[in-house]
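Every chain is numbered from 1 and lettered A, B, ... according to where its sequence line falls, protein lines coming before strand lines. Keep in mind the model is a prediction, meaning the values are calculated, not measured. Basis for what follows: all heavy atoms, side chains included, without hydrogens, waters or symmetry-related copies.
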Amino acid sequence: MKQQPLLFELGKPGRKAVDLPVCDVPQVTGLLPDNCLRSQKAALPELSQLELMRHYTQLSNRNFGVDTGFYPLGSCTMKYNPKINEDVARYAGLSLLHPLQPAATAQGAMEILYKIEEDLAEIAGMAGVTMQPVAGAHGELTGLKVIRAYHRDRGDLVRTKVIVPDSAHGTNPASTTMCGMEVVEIKSEADGSIDLEALKAAVGPDTAALMLTNPSTLGLFESKIEAIAAIVHEAGGLLYYDGANANAIMGIVRPGDMGFDVVHFNLHKTFATPHGGGGPGSGPIGVKEKLVPFLPNPRVQKVNDKYSWVNSEKSIGKMHGFHGNFGVIVRAYAYILSMGGTGLRQASEDAVLNANYCKKLLSEVFDSPFERFCMHECVLTSKKQQANGIHTLDIAKRLLDYGYHPPTIYFPLIVEEAIMIEPTETESKETLDGFIDAMKKIAVEAAENPEIVHTAPHNTIVSRLDETLAARKPVVRWEP
Amino acid sequence: MTWSYLPHTAEDRQEMLAAIGVQSPMDLFVDIPEQIRLHRALNLPAPLSEPELAKFFQKMAAANANLQEYACFLGAGAYDHFIPSTVDHVLRRSEFYTAYTQYQPEISQGYLQALWEYQSMICEITGMPVANASMYDGATAMAEAAILACHATNRNEILVARSVHPHYREVLATYALDFGFAIKEIAFSAGVTSLEDLTGMIGKATATVIIQNPNFFGSVEDLSALIEVTHAAGALFVTVADPLALGVLEAPGKLGSDMVVGEGQPLGLAIAFGGPYLGFFAASSKLMRKLPGRIVGQTVDRDGKRGFVLTLQAREQHIRREKATSNICSNEALCALAVSVYLATMGKEGYAETAEQCSQKAHYAYNEIIKTGAAQAVFAAPFFQEFVVKVNKPVAEINEELLQKKMIGGLDLGQYYPDLAGHMLLCVTENRTKVEIDALVAGLGALA
């Protein structure tokens, strides 16, 4: 396949891709003073509509989505995105709404917000939910601000530290910094579980919270969670649940019942909304009763079957210009309604079944550092393939030649040469068998023909790219 | 019960359990202590089939007044512009929307190129050399610009115009609180930021001055004068720009703005009750390595072929963790793709023409309203597509009447600015016809 030219290398002056109406009001000159006007029109492309659609169609042919093939990215939950959800989100009555139009004219939209909040509260075991955050990291920041506001409100101003295990996703420490707090990193046990002694040593009167995900970023359930919650609560801190791995536990165990005070969900993971190539997502948070007053403004309230906006005096304020990613929320709500409680539970059971199936069969050939059953994702390493200098990166690149998106690589940081596989519940047994087969073939290549693995990929439109050059000499825009 | 999104048959599950060596699926959950498990079903409604789901959402949709049925004269940060058909057709391609972040660039060249083209076009319209691949929305983009400025200058005072969108100022305050940054508001006079007030309050502690253009009232600000004062104090200037207004207004980069951020919704994003939207973020070269968010860069592969990758990742959370420039991970990539398609579809002429028509129609509406006495003029400042009028009845009452006539009226400014009680903020985009505008004028006139 050839490369696709740049947009700016296509078209010709005078071409257009859409027919616009002439101005139907009498036109007047001098509406704006000369000194604030553009001296030159912005140099945007001039393409015919066909040229334009070909360009983007060709670009799409040089991309890979869940609909293209298996996408076992650990921690990302690349499950199938239902098509009916795309349709309902586009209904005029749900997409052609102004966020500030009078509440009386948006009762359907507000009902959706109210009801999904109820459903997520039930799934999480929480008292109140806000849909305002638009990404997982955004939910983390919102949740940490709620926690900080709660402590401030109690007159406790010294709680400025957040405990984060070294296995945590990068957004956890980054969100802590964005909330003006200090990260206290504690070293995990070898299997990624919390070292209770390290935790006891780390908590104190300056502990605002512990951020944790369960199952952990290694895909293993933290069985000591009750003890962990007790330690943190006794020290006066709160527990924050990173919901990135919630796909393992829906209907089986709830973060609220584990002892967590704040939860965020990634609707673009657990609740099947599309990843979009990097968003838009949605990162709602749920909180226990005592934290509800601090949630972002405004919230939807229901009085006598009518929905209206209400502000809380103790709210942390606003985290988004309007109400969050409503279009994404509609898709997630459609997913919840189509699955029901039984379907969500079945999804989690199948996700865990799939991951253990892959783990069992792949550990015949790959190093599988953890004996016990994994949850919805499993972590392997490339240690057994290193004889000929093959690393995790090489295996990932060779998988591209077999038509698969690679698993997550080099995360979690605490497992050397990690390969994290999350085969979501929407994948069939045949797909898993095909992937396992490809991985085994690559393991054989690593032993018998390492060069082909080391220099992979071979069948993609470009070979390995020079990322060092891209960072040293950044070229981030087109110049004529 | 079975679901179309869960492919396993009873047979599949049996085979897989046997391969693992367990009897039942719950054997895999042995690590979860019994006492914390949920020992009941989730209390959620029974699952809906596909046609039932469609009918359910049709009912929800019907309970809202939508902008196809009602002529929208409300702006205030979300705009009813025409969206060409090409945009949604590209967004519906599953190779784009079901993809993940481009961590494996070899199979993501299509999306990476589209995002690089987006960055290029944002740079072009803002007149800046660098742009990232999106923030959450205009409000959070503004907040992150302020944080960047404080870190870059090592100062902690943020001056923001009171004529900046009230929600944006609220988000800024929420973000800034936990950093301990101080925020001061610059007064407006005659509908634009007071240069005098700014000059009086700016000083050595000022990290940044944030001005919206056109501002919340629709007025065009004198950026050059404001930038001069800002730079003289050693602070960074942030323009919060309407990206469609840039079709007629000078690029803030050409006037010396250090950062240009704003809401990308006017460029082809469905108004969608407030989201998903997009924060565009452009900056000077000096600030490139401090930028939040993803940046796509051009490079070569092993054979010297041009290719694209996510670059300068050392700024980001997955590499730098607590030292990252921001915590942002998932952003609004598909919205950036939509903006790309919109700008490429409108093209050089269509983009300028659309902006011009917004201005023409808004001024036609304004002149007719004032001429007929339907409402009174307030600010003399030049405006783009929004303007403020004074009305004689409560704004809520006027809007109730307009609703009966299938129009959504302007914003009740008194809700946000007590000094502007009894004032309405009206918006007229290129998407309003002369017939609709004349109906608005008549509607307001009947209540004058």
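- Contact tally against chain A (heavy-atom pairs below 4.5 Å) for B/Ile408, B/Thr140, B/Asp12, B/Thr86: the top residue is B/Thr86.
- For B/Arg320, no part lies under 4.5 angstrom from a heavy atom of chain A.
- In terms of heavy-atom pairs under 4.5 Å with chain A, the best-connected choice from B/Lys305, B/His89, B/His318, B/Gln313 is B/Lys305.
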Verdict with supporting geometry, B/Tyr136 and A/His320, ring-ring contact (aromatic ring centres under 6.0 Å, His included): CA-CA 8 Å; B/Tyr136 304 139; A/His320 185 260; 8.0 Å; no

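- Checking side-chain atoms of B/Asn64 against main-chain N and O of B/Met60 turns up a donor-acceptor pair under 3.5 Å.
- For B/Tyr277, the parts lying under 4.5 angstrom from a heavy atom of chain A are both the backbone and the side chain.
- A donor-acceptor pair under 3.5 Å is formed between the side chain of B/Asn327 and the backbone N or O of A/Ala137.
- Ranked by heavy-atom pairs under 4.5 Å with chain A, the list B/Gln298, B/Met288, B/Glu15 is led by B/Gln298.
- In terms of heavy-atom pairs under 4.5 angstrom with chain A, the leader among B/Glu263, B/Glu349, B/Arg306, B/Met26 is B/Arg306.
- Heavy atoms of B/Val30 lying under 4.5 Å from chain A belong exclusively to its side chain.
- Annotation: maximal heavy-atom pairing with chain A below 4.5 Å, among B/Glu170, B/Arg37, B/Lys59, occurs at B/Glu170.
- Only the side chain of B/Ala139 comes within less than 4.5 Å of a heavy atom of chain A; its backbone N, CA, C and O stay farther away.
- Here the closest non-hydrogen pair linking A/Ala272 and A/Tyr80 is CB-O, 3.8 Å.
- Of the listed residues (B/Ala41, B/Ala270, B/Ala54), the one with the most heavy-atom contacts under 4.5 Å to chain A is B/Ala54.
- For a residue to count as touching a neighbouring chain, one of its non-hydrogen atoms must lie under 4.5 Å from one of that chain's; by this rule B/Phe96 touches chain A with backbone and side chain alike.
- For B/Ala76, the parts sitting under 4.5 Å from any heavy atom of chain A are the backbone and the side chain alike.
- With a 4.5 Å cut-off on non-hydrogen atoms, B/Cys123 touches chain A through its backbone and its side chain both.
- For the pair B/Arg294 and B/Glu316, the salt-bridge criterion is met [side-chain N within less than 4.0 Å of a carboxylate O].
- When atom types are taken as modelled, the side chain of A/Glu122 and the backbone of B/Asn43 share a donor-acceptor pair closer than 3.5 angstrom.
- For B/Val220, the part sitting under 4.5 Å from any heavy atom of chain A is the side chain, from C-beta outward, and nothing else.
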Steps toward ring-ring contact (aromatic ring centres under 6.0 Å, His included) verdict (A/Tyr71, A/Phe64): CA-CA 9 Å; A/Tyr71 222 121; A/Phe64 190 101; 5.6 Å; yes

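- Heavy-atom distances place the side chain of B/Arg93, and not its backbone, under 4.5 Å from chain A.
- For B/Ser134, no part sits under 4.5 Å from any heavy atom of chain A, backbone or side chain.
- If you measure heavy-atom distances from B/Tyr351 to chain A, the contacts under 4.5 Å come from the side chain alone.
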